[in-house]
Peer 1: 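Structure incoming, see below.
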Amino acid sequence: MKQPIGVGDILTESFRFGGSRIATVLRVVWAPLVVLAVIWGGAMFAVFGSDFAAFETMTEEEAVLFILERLFTPSTMLAFVALGLVSAFVYSGAMAAIFRLVALDEEPQGAFFVRFDGPSVRTGVAAILYNAIFYVIAGIAGWIAVSRAGGAPDLAAIFADEPDADEALAFAQIAGLTFLISILPLAYLGVKLTPFLPGTASENRLLFVNSFSLTAGYFWSILGLFVVLFAAVIGLSLAFELLQGAVQLLQTAISVVSGEAGKALASLIFGLVILVATIAFQLFLTGVQLAAPALVYRRLDDIKNGSEPA
């Protein structure tokens, strides 16, 4: 009989890590995020340039057509694919650091994690392979859905000032069919490849085939873990949105009873509070979402080696 992986323990530890390691996650991810912002900001400026200002005078239909014409050209799509590959390696150092912290208790050293050492490069390669598999499956599902619908809908007609109901319905049917076709293979591979990235970061190899053997007999446990994790993240996000709304209502109430100086001060203070809280919450979620697969890998590796979980 398979030894249980301890779904409850993994969930508890994931959220504990997210809450207690906000500063660590910030130290690890800030540099990759800054570099990515520069890369993608520059790419969008290269595509649109000064034409961003033209959006203000466009109708919704004209804006959609403008975006489609600029983005969906062979050269632009090829450039974005190349940037996606570069982005995987830019962020891989941060992922590898957090995976190794959770799986190996290896404390990240330094404060600049745009790195190209062994674990970072392996993690980048694994991330590209992992995402490519999912994009291919989703692409095949979308192609089947479009084929069955008799062709792709007219996106410009859907986003026009007066949307075409038939085109909107066709788009909804294609999206729904794509989801139905892809959900089972995506869920299966998502579960079976859970140890792939953290295991690759922790070991001196790509843990692709071994991910399937490690997760053998644990499919439903891991699937249940991520269903609960997803529901918890959604619930916490909604609660955070409600809390933000309450803070904004409080800011409005204070502004009403204050003078102009008090209104400006309240706006500044509450704006900073919301900004800091939002950043902290996103860092918390990042920690939780990276810790969970690393803890699954760590637990499965412990079971494989016959040792008790740490």
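Please read all numbers here as calculations on a predicted model, not as lab measurements.
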Peer 1: If you look at every heavy atom in T194 and G190, which pair is closest and at what distance?
Peer 2: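 That closest heavy-atom pairing would be OG1-O, 3.0 Å.
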Peer 1: For a quick test of your reading: what N or O donor-acceptor pairs under 3.5 Å do the side chains of residues 203-210 make, sequence neighbours left out?
Peer 2:
unit_1	atom_1	unit_2	atom_2	d
E203	OE1	R205	NE	2.6
E203	OE1	R205	NH2	2.7
E203	OE2	Y297	OH	2.7
N204	OD1	R122	NH1	3.1
R205	NH1	N210	OD1	3.3

Peer 1: Sequence neighbours excluded and cut-off under 3.5 Å, please list the side-chain donor-acceptor pairs for residues 87-97, or say none.
Peer 2:
unit_1	atom_1	unit_2	atom_2	d
S87	OG	W40	NE1	2.9
S87	OG	L83	O	2.7
S92	OG	F89	O	2.8
S92	OG	S120	O	2.9

Peer 1: Which side-chain N or O atoms in residues 131-147 pair as donor and acceptor under 3.5 Å with protein atoms at least two apart or in another chain?
Peer 2:
unit_1	atom_1	unit_2	atom_2	d
N131	ND2	A127	O	2.8
S147	OG	W143	O	2.8

Peer 1: Other residues, nucleotides and ligands only: do more than 12 of their heavy atoms fall within 6.0 Å of CZ on F179?
Peer 2: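 For F179, atom CZ is not crowded (no more than 12 foreign heavy atoms under 6.0 Å).
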Peer 1: Do the side chains of V34 and L275 join up, straight or via other hydrophobic residues, at under 4.5 Å, putting them in one cluster?
Peer 2: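 Cluster IDs for V34 and L275 match.
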Peer 1: Do V102 and R298 have side chains that get closer than 4.5 Å, going by heavy atoms?
Peer 2: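 No. Closest side-chain heavy atoms not under 4.5 Å.
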Peer 1: Consider only side-chain N and O atoms of T278 and Q244, and report whether a donor and an acceptor are under 3.5 Å apart.
Peer 2: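 Note: T278 and Q244 side chains meet the donor-acceptor criterion.
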Peer 1: Can you tell me how far CG of D301 sits from CZ of R299, rounded to the nearest 0.5 angstrom?
Peer 2: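 Reported value, rounded in 0.5 Å steps: 11.0 Å.
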Peer 1: Can you check whether G199's main-chain N or O pairs, donor with acceptor, with S202's side chain at less than 3.5 Å?
Peer 2: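 Absent.
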Peer 1: Taking side chain as C-beta onward, heavy atoms only, is L300 less than 4.5 Å from K304?
Peer 2: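 L300 does not reach K304 side chain to side chain.
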Peer 1: Can you give me the closest heavy-atom contact between A149 and I174, atom names plus distance?
Peer 2: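 Answer, listing the atom of A149 first, then I174: CB-CG1, 3.7 Å.
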Peer 1: To the nearest 0.5 angstrom, please state how far the CG atom of L295 sits from the OG1 atom of T12.
Peer 2: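 Separation between the atoms: 10.5 Å.
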Peer 1: Determine the interplanar angle of the Y188 and F212 rings, folded into 0 to 90°, and report it as parallel if under 30°, tilted if 30 to 60°, perpendicular if over 60°.
Peer 2: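 Y188 and F212: tilted rings.
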Peer 1: Keeping to residues at least two apart or across chains, list the ring-ring contact (aromatic ring centres under 6.0 Å, His included) pairs with something in residues 223-245.
Peer 2: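 The answer is F240-F281.
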Peer 1: Report the distance from atom CD1 of I5 to atom CD1 of I10, rounding to the nearest 0.5 Å.
Peer 2: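 One gets 4.5 Å once the value is rounded to the nearest 0.5 Å.
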Peer 1: Applying the 4.5 Å side-chain criterion to the ILVMFWY set and letting contacts propagate, would V25 and V114 be lumped into a single cluster?
Peer 2: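 Yes; tracing contacts between hydrophobic side chains, which count when under 4.5 Å, links both residues.
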Peer 1: If I take atom CG from residue D9 and atom CG from residue L225, how far apart are they, to the nearest 0.5 angstrom?
Peer 2: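 If we round to the nearest 0.5 Å, D9:CG and L225:CG are 10.5 Å apart.
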Peer 1: Compare every heavy atom of T215 with every heavy atom of S211, then report the nearest pair and how far apart it is.
Peer 2: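 Smallest interatomic distance, heavy atoms only, reads O-OG1, 2.8 Å.
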Peer 1: Could you walk me through whether I234 and L238 satisfy the side-chain contact (heavy atoms from CB on, under 4.5 Å) test, starting with their C-alpha distance in whole Å, then the side-chain angles of each, then the deciding distance to 0.1 Å, before giving a yes or no?
Peer 2: CA-CA 6 Å; I234 293 297; L238 291 174; 4.1 Å; yes
Peer 1: Honestly curious: do L243 and L236 fall in one hydrophobic cluster under the side-chain, below-4.5 Å linking rule?
Peer 2: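 No, because L243 and L236 fall into different hydrophobic clusters, even though each may have its own neighbours under 4.5 Å.
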Peer 1: Evaluate the side-chain contact (heavy atoms from CB on, under 4.5 Å) criterion for residues R27 and T24: first the C-alpha distance (whole Å), next the side-chain angles of each, then the deciding distance (0.1 Å), finally the verdict.
Peer 2: CA-CA 5 Å; R27 176 165 59 88; T24 303; 4.0 Å; yes
Peer 1: In terms of hydrophobic clustering (I, L, V, M, F, W, Y; side-chain heavy atoms under 4.5 Å; direct or indirect links), are L180 and L223 co-clustered?
Peer 2: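 Hydrophobic grouping puts L180 apart from L223.
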Peer 1: Please check: side-chain N/O of R100 versus main-chain N/O of E106, any donor-acceptor pairing under 3.5 Å?
Peer 2: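 No, because the side chain of R100 does not come within donor-acceptor range (under 3.5 Å) of the backbone of E106.
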Peer 1: Cluster question for you: counting only ILVMFWY and a side-chain heavy-atom cut-off of under 4.5 Å, with indirect links fine, are I98 and L33 together?
Peer 2: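 Yes, I98 connects to L33 through the hydrophobic network.
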Peer 1: Once salt bridge (Lys or Arg N to Asp or Glu O under 4.0 Å) is applied, do any residues pair with R21, and if so which ones, sequence neighbours excluded?
Peer 2: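 Partners of R21 under the salt bridge (Lys or Arg N to Asp or Glu O under 4.0 Å) test: E107.
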Peer 1: Looking only at non-hydrogen atoms, find the nearest pair between A201 and F99 and report the distance.
Peer 2: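 Between these two residues, the closest heavy atoms are CB-CB, 3.9 Å.
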Peer 1: Hey, does Y218 have a side-chain heavy atom less than 4.5 Å from the side chain of V296?
Peer 2: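 V296 vs Y218: side chains apart.
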Peer 1: For the CZ atom of F196 and the OG1 atom of T200, what is their distance to the nearest 0.5 Å?
Peer 2: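 Taking CZ in F196 and OG1 in T200, the distance rounds to 4.5 Å.
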Peer 1: List the atom pairs, donor and acceptor, that lie under 3.5 Å between side-chain atoms in residues 285-294 and the rest of the protein, sequence neighbours left out.
Peer 2:
unit_1	atom_1	unit_2	atom_2	d
T286	OG1	Q282	O	2.9

Peer 1: Would you please test L71 and F80 for side-chain contact (heavy atoms from CB on, under 4.5 Å) and show each step?
Peer 2: CA-CA 9 Å; L71 290 182; F80 278 9; 3.7 Å; yes
Peer 1: Considering non-hydrogen atoms only, spot the tightest contact between V28 and F113 and give its length.
Peer 2: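 That closest heavy-atom pairing would be O-CB, 3.4 Å.
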Peer 1: Find out whether L229 and F15 are in side-chain contact, i.e. whether some heavy atom of one side chain is under 4.5 Å from a heavy atom of the other.
Peer 2: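 L229 reaches F15 side chain to side chain.
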